[in-house]
Each structure stands twice: as C-alpha cells, then as structure tokens.
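Take a look at this one; I'll ask things after.
Here is the naming used below: chain letters follow the sequence lines, and residue numbers restart at 1 for every chain.
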Amino acid sequence: MYGLAMAKGLMVTLKNLTKKPTTVQYPEERVKQHPRFRGEEFVWYEERCTGCASCAKYCPLGIIKIVTSPSETAPKQGDKYRLEVFDIEIQRCMFCGLCVEACPYDCLFMGSGFEQGKYSRKDMVLHVEDLRQADKHPSTFFRPQLEASGYDPRGGRPLNWREVGRESWRWHQQEKSGLRLEHSPVDTAGSQQESN
Amino acid sequence: MNCQLAADNILFENALYRVIYDAVGSFLPCWLAYVAAGLAIMLILVNAVLLGAALVTWFERRLLGRFHNRIGPNRWGPFGLLQPIADLAKLMTKEDLIPAGADKITFSLVPLVMMAPLLLMTAVIPFSKNTALANLNVGVLFILAIGSLTTVAIFMAGWSSNNRYALFGAARAVAVLISYEVPVVISLLGVVMVAGSMSLANIVQAQAIPFLLVQPLALLIFLTGMSAELNRTPFDVAEAESEIIAGYHIEYSGIKFALIFAAETGAMLVVAATIATLFLSGWVGPFAEYIGWFWFLLKTLLVLFVFVWIRATYPRLRVDQIMALSWKFLLPLSLINLAATTLEVFFLRDSAGTLATIDLWIMAGINIPLALGCIFLFGNLVPENAKVLSVRPTTVVVPAVATVEVR
Amino acid sequence: MLFQDVVFWVLAIVAIGAALGVVVIRDLFRSALLLALVFIAVAGFFVLMSAEFLAVVQVLIYVGAISILFIFAVMLTSDVRRGNLPNRLQIPAVVLPALLLAAMVVTAVSTDWRLIPDSQQERVGLVQTQSVNVLSDSALEQAGVSSPEEMQEIQQAGIADLLISDFVLPFEVASVLLLAALIGALALARGREGT
C-alpha cells in the first residue's frame, strides 16, 4: 500500500512524544564526562615536578612556557630545578594530551572540567599559581595506574601526590623487576597506597 | 436606537456587530456607526491573528522539540511562553537594511502585502454560531481568491531585492503556488457540492457528519496543497533554511522580516481554521451554543498539530518532485474526487436539493474506499525518477541561473 | 449612502491613478504591479454593485493568475531594466485613447439602461439570501413562489443558464480556441530537439 511507509514514519515521530526528552539543562545540570576525559583544568603536582620541561618540548602547539633556574632541592635524587614560570595557554590548547604522555614523573594530568571560559584573551592563560591551586581530580587519560585502581574523577576524592604515581602500581613494579606475568593483574586492592 | 440595520445587510446576524452598532449609533450618524462597529471588530480580529501567530510559533517550536526528543524553548517565561516576545524584541532592535539598487517602495511594501490577505481571510471564518464578520455567500471562493494574493507579494519580495538568488527563490515559490492552486480549488468544489452552498456558515450547518469522512480525498488534497502554498516543510524549497539559496526573504531584516514571518505563521493559523471549518465541522460540538468557540479552537489546534507533525517527520522534497506531486498525483485525484462527488450528489439529493444525513453516510462509505484505492493506484503508477536530470543553461535573462528540466 | 459614495470615489481615484501609472511609469515591474492594483479596484466596484461573486472571481483570476502572467513576462523580457522607452508615438497615444474614451462616455451616459424585471429581481433575492439552492419547482414552492408563471419566469435565464443551455456551442468553441493557444505556446517554448 502506497502510503504505509509514510504512516509508519508519522508513528515513529508520534512515539517520540511519549518519551522523556534527553535535554540536559546546562547551567543547572552538566553532562557527565567519562573518566578519561581530557579536560581543561590541568592537574599538576608540584611535589613530583622536576622542571624537566618535557611537556613543553612535546607540545605540538608550543603553548607551554617553562622558565627554570638551578636550585638545590632534592640533592640526593639529583636535583630539581626551581620553577619560575610555568604557563599553559588554554586559549590555543587543543587538549591532545601529549604533554601528559610526555611527563616522565607522572606529575601532569589532564583535568576533568570544561568550564574555563573567560571574557578576555589575557585571562586564558594558566599560570603556576593557578596550577598549584587547581582542583586535584585527575583524569585517568594515559595513566593506567589510576584506571586500574578504579578511580573516577567525577565522583572521587581529590588525590595527593603520593597516590598518583605509577611506582606503587603492582604491574609496574613487576615490570621493572623483570618479572613478567602472563596477564596483567588489575589490582583493585593491591598496594597500601592506592586510592579507592 | 435610532439607526436600524437593514434586514438583508450581511452583518445583520452578527450579534456583536449589532451590539456595538446600537451602542455607538445613539450618538453618531448612522454611517459612522456602521464604520465604527466594523473597525472595532476588525481590530479584534487583527489582534487575534497577530497574537495567534506569535502563540503558534511558540507552539510549533515546543512541539517540534518534543518530536525531536528534546525540550523546546523554556527559558523565557513559564514553559517558554514569552519566547515570541523575546524574538520580537530581538528583531525590532536589528538594523533595517534596504539593499543598494533595490526598489525602495516595493521592498518596503512587501510585508504589508503579505500580511493583508491573511487578515482578510479571517473575515469569513465562523468562530461560533453567527460569529463570522461577513457571512459572504461566496465565502469559500473568497478564501481561495485572497489566498492567491500572496503570490504577488512573494514576487514583489523577490524582484525588489535586487538579488538573483532572491528572484530565483521567488520564482520557485510562485511556480509551486500556482501549481498547487489547481488541485486545491478542484478539491474544494466537492465540498461545496455536498454542502450546497459556498458560504462557510452554511457549510458548517450542513455537516451532520464531518466532511472528513464524506470527502477524505478532498481533505488530503487540501491539506497537502495548503502545506505547499504556505511553504511548509516538506515543500519549503523557497525558504529552505539549509540551502544556500535562501529564498525570497533573504534581504529582509528587522521588523520587516518579523512581519513576513508572522504573515507565514498567521497564514498557517488561518488555513488551519479554514480546514477546521470546512472539514471538521467548525464550532459544532456538545453545548455548541455556549462554547462553540472552544470546539473551534480545539479543532484548529488539532490541525496545527498535524501541520507540525508533518514538518517533524518528512524530509524536504526537491522542486521537481513537488511539481510532479501536484500535477501527476494530486490533480488526477482531485478530478476523480470531483467526478465521484458529482455523481453521488446527483443521484442522492432530493427534490429540494439537500442531502439527508443518511445520504452523507452513504457517500462516506463510497468515498473512503475510493480514496484508499486511488492513493494506492496512483502511488504505484508515478515512477520514482532516479536518473540524473540534465541541467541545461538557457538564454533566459534570469542571470546565471540554470533551469532544470522536469521529466 | 454617504459611505458608499465615499468608497466609490476612493476606489475611482485609485483605479484611474493606477491605470495612468501603468502606462506612464518607466519601470516595467512597477507598472505590472499597478495593473494588479487596477484589477483589485475593479473588484471593489463589483462589490459596491452587490455582485460579490464577480468580485471574488475577478480577484482570483485577474490578480491571482493574469497578474502573475504579466509579471513572469516582465521578468523574462531581456531588456527590462531599460523600462518604457520614450518614442515618437506619444502624441497619437494620447489623442486616440482620448477619442475612444469620449466615445465610450457618451455611449454609456446616453444609453437607456433597463434594470432587470421584477421577476428576475425576485430570483436574485431568493438565491442571494439562500432560500433556494436549486431552481426546481418544489424548492421554489417551499420558498413561497406560488404560481407556475412566476416559477417559470424565475427559472428563466441569466447569463449562466444561457451559456449552458442556448449558447453552449460558442462556449465550447472558445475553449477549443484556448486549447489551440496552449498548444501553440508549448510548441514555441519547447526549443529544438536534443538541446
């Protein structure tokens, strides 16, 4: 029958009237992001950072600016630089996460938020003070130790610098000591310094 | 009091008119009372149509949102009811541009000429018993004639914009309009024959059962044809929001655009009222003497719902498909409807020329299977042209425009 | 009556002004629009004379179709931007229509216009107030016309009935003429084979 397909189309649209709309009303509710979301509010742990500037070297857009000077903190570990300037220009950041991938000390993490909009271009730069005070809910992007521990930045508690590194992660320890297991254990209750 | 309306005056039955006429006639000369009463009712109608157009835009956006599984506008006012006012404020504060080289007088007159026909159309629609402003005995023809005035307005808009895309869009819109007038007029002939009169009040009285059942083909053709004449999706090639050639109102901004848009939406409202009157038996319902207007509004709202439903469901047709639909599908259907209705009315009517209710049921019983059968037959007869049409530039001086051959 | 006089004068001025504008104005598109305005004013005259059906049909056909035809023709003309060019026929173009106008005015004023006889006035009244839908004997009887002679006079013809009954052959021949015009237009517009 000729018009049956058209009538079926009309029924589909009519059924939509009975379903609940999927709109998220923005200022009152926010869409929940997933744990590996590469968000704007970078999470930086100053205690772990040595000032190596790998993140600045790896950034494809060159928006990270790091100025360091020699210092004598942590002389036993081989010295850390004193960081004077650490700027991330989020107005041109494309949130690719290469800086996070580059960091050898697990001190830079992507954030989990998306609301850093400002009214002028000068404010769209994260200085070292902003990074120090930022909200410490790191995204689990490129950090398998956080993911293996089941951390969820959306609802979890803020993490401190001792908990976020890979040195306490069981898989990593066994990898470093040359002991390879057949499958990688996902350690949810492994070492004593893990987060929940 | 001292002025009496003549008994054969067309406004004699309108109760509101007589009230105002008598009230004003006590201190004004008679002819001035005549004019004043008319103007008062016209003011009510014009305001009703304009406010109705604003409410219809709200209704359409909310309903489209629900059809698309989202909420419509809900920020301004409770349920977004003040959204049309926000739109109006935005449009009024925009710069009023007249393009260079455009014909200034014609350009500025177009919103007026677009608004006028639909305001005129509301004069004949009966909102309740004896409540049409002018119960013309050629009411149906009046609506058709005034509706064809919009064509001139669209052409004025396209030509005076000094923009070849506007002219192209206007030419397309006018071609669609005049193609769809033919099946629409012929389909209404069936309704007129069954009711025995062209006056809208008489047609409502003659609907012992709604003409939706007695003339289903006529309703289908009228609905489709009017969707095309109003440039509603799926027929809105003239103002397609996602095409680059944006149509005849491309150069309009500010309050002129607001008026054109209000004219289109108001026309949709008036056409819905007409369909409710002609096919859904208007103000008839339980307790119709007291709340006839409520049934009328309910039926108009139902027709508006159908318009928005169709818009939410179907994709836009190409202009050659629109023409094919009119000439190859709707026109034969309307002629078949006319022939069938003529035969039925000729054989079924009694000596005084009226049709009884049982005759209407018989006609419904014949016409509904006829409608389904014809749709099935014609739907399978019109082949879907899947091959590429040849595009051939002609020497016509609508510049840089290629005409597409309709096969 | 004052109201109708006012309306008549307004419509007359609009119609004559627009008609003069059609022939005088340079821009072709505007003269086409003014022609549409003339048609609307003529429809207004028909309403004044209580011929509502004619008025509505005038709007539907003239404004709704023929004006569109004119506008399409204007649009498809190639030199339309130059408009109405001045030429040497201006003096004859004033004199000849003025003579024609004088002849028509004299004829219209000096003719003895007879109104339709009373029986047909009654027919008009019955149909306009919709007391009868069909001019059959029983319907007329119900409407109060008693004697058969009156019924016959009422049923006798106006133009519409004459066109269908006594003059049906010229009517059909006119439609054949229209068909010929349509075929001619199609043949002219078709273009060559293969292009």
Side-chain angles (χ1 to χ4, degrees), chain B residues 7-8 10 29-32 34-35 103 105-106 109 113 117 120 134-152 154-156 158-160 167 170-171 174-175 177-178 181 185 195-199 201-202 349-354 390 392 394-398, chain C residues 1-7 27-30 32-33 36-37 39-40 43 47 50-65 67-72 74-81 125 127-130 132-143 189 191 194-195:
Chain B
D8 62 346
I10 209 166
C30 285
W31 62 274
L32 199 56
Y34 192 70
V35 170
D103 195 353
I105 301 180
T106 320
L109 272 181
V113 179
L120 279 174
N135 185 16
L136 292 178
N137 58 355
V138 287
V140 168
L141 205 55
F142 181 81
I143 289 185
L144 290 170
I146 302 292
S148 66
L149 281 180
T150 328
T151 320
V152 177
I154 294 182
F155 233 130
M156 282 166 71
W159 180 269
S160 60
L167 188 61
V174 167
L177 266 167
I178 59 181
E181 262 183 52
V185 172
S197 161
M198 280 201 271
S199 148
N202 283 15
R349 69 176 177 188
D350 60 4
S351 54
T354 53
S390 66
R392 172 187 64 167
T394 67
T395 52
V396 169
V397 186
V398 179
Chain C
M1 277 307 141
L2 177 60
F3 182 60
Q4 286 170 325
D5 285 341
V6 166
V7 170
D27 186 4
L28 272 182
F29 188 68
R30 280 205 204 170
L33 288 180
L37 187 60
F39 292 148
I40 296 180
V47 171
S50 306
E52 296 144 350
F53 181 75
L54 270 181
V56 172
V57 167
Q58 162 93 3
V59 170
L60 181 65
I61 294 180
Y62 271 99
V63 181
S67 308
I68 303 295
L69 194 63
F70 270 93
I71 293 175
F72 262 113
V74 163
M75 192 180 82
L76 295 175
T77 311
S78 41
D79 287 331
V80 73
R81 293 285 172 194
V127 168
Q128 272 202 334
T129 55
Q130 293 158 30
V132 297
N133 279 330
V134 170
L135 286 178
S136 64
D137 290 344
S138 52
L140 285 175
E141 225 175 280
Q142 277 175 5
T195 55

Discussion item. With a sphere of 6.0 Å drawn around CZ of C:Phe72, does it hold more than 12 non-hydrogen atoms of other residues, nucleotides or ligands?
Written reply: yes

Worksheet item: Heavy-atom distance under 4.5 Å to chain B: side chain of C:Ile40, backbone, both or neither?
Response: side chain

Worksheet item: Is chain C contacted by the side chain of B:Leu141, its backbone, both, or neither, given a heavy-atom distance below 4.5 Å?
Response: both

Fill in: Nearest-0.5 Å distance that lies between atom CG in B:Asp103 and atom CZ in C:Arg30
4.0 Å

Worksheet item: By side-chain contact (heavy atoms from CB on, under 4.5 Å), which residues pair with C:Ala32, not counting sequence neighbours?
Response: C:Ile71, C:Val74

Fill in: chain C contact via B:Thr151 - which portion, at a heavy-atom distance below 4.5 Å
both

Worksheet item: Using 30° and 60° as the class limits, which term best fits the ring planes of B:Trp159 and C:Phe29: parallel, tilted or perpendicular?
Response: parallel

Worksheet item: Which distance, rounded to the nearest 0.5 Å, do you find between the CG of C:Leu33 and the CD1 of B:Ile105?
Response: 11.0 Å

Item to complete: Scan B:Val140, B:Ile146, B:Val138, B:Ile143 and name whichever one has a side-chain contact (heavy atoms from CB on, under 4.5 Å) with C:Val56.
Response: B:Val138

Item to complete: Please flag which part of B:Met198 lies under 4.5 Å from any non-hydrogen atom of chain C: side chain, backbone, both or neither.
Response: side chain

Worksheet item: Of the non-hydrogen atoms in C:Gly64 and B:Ser148, which two are nearest, and what is the gap between them?
Response: CA-OG, 3.6 Å

Item to complete: Let me know if B:Val174 has heavy atoms under 4.5 Å from chain C in its side chain, its backbone, both or neither.
Response: side chain

Worksheet entry | Region of B:Val185 that comes under 4.5 Å of a non-hydrogen atom in chain C | neither

Response to the item:
Here the gap from B:Phe142 atom CZ to C:Leu60 atom CG, rounded to the nearest 0.5 Å, amounts to 12.0 Å

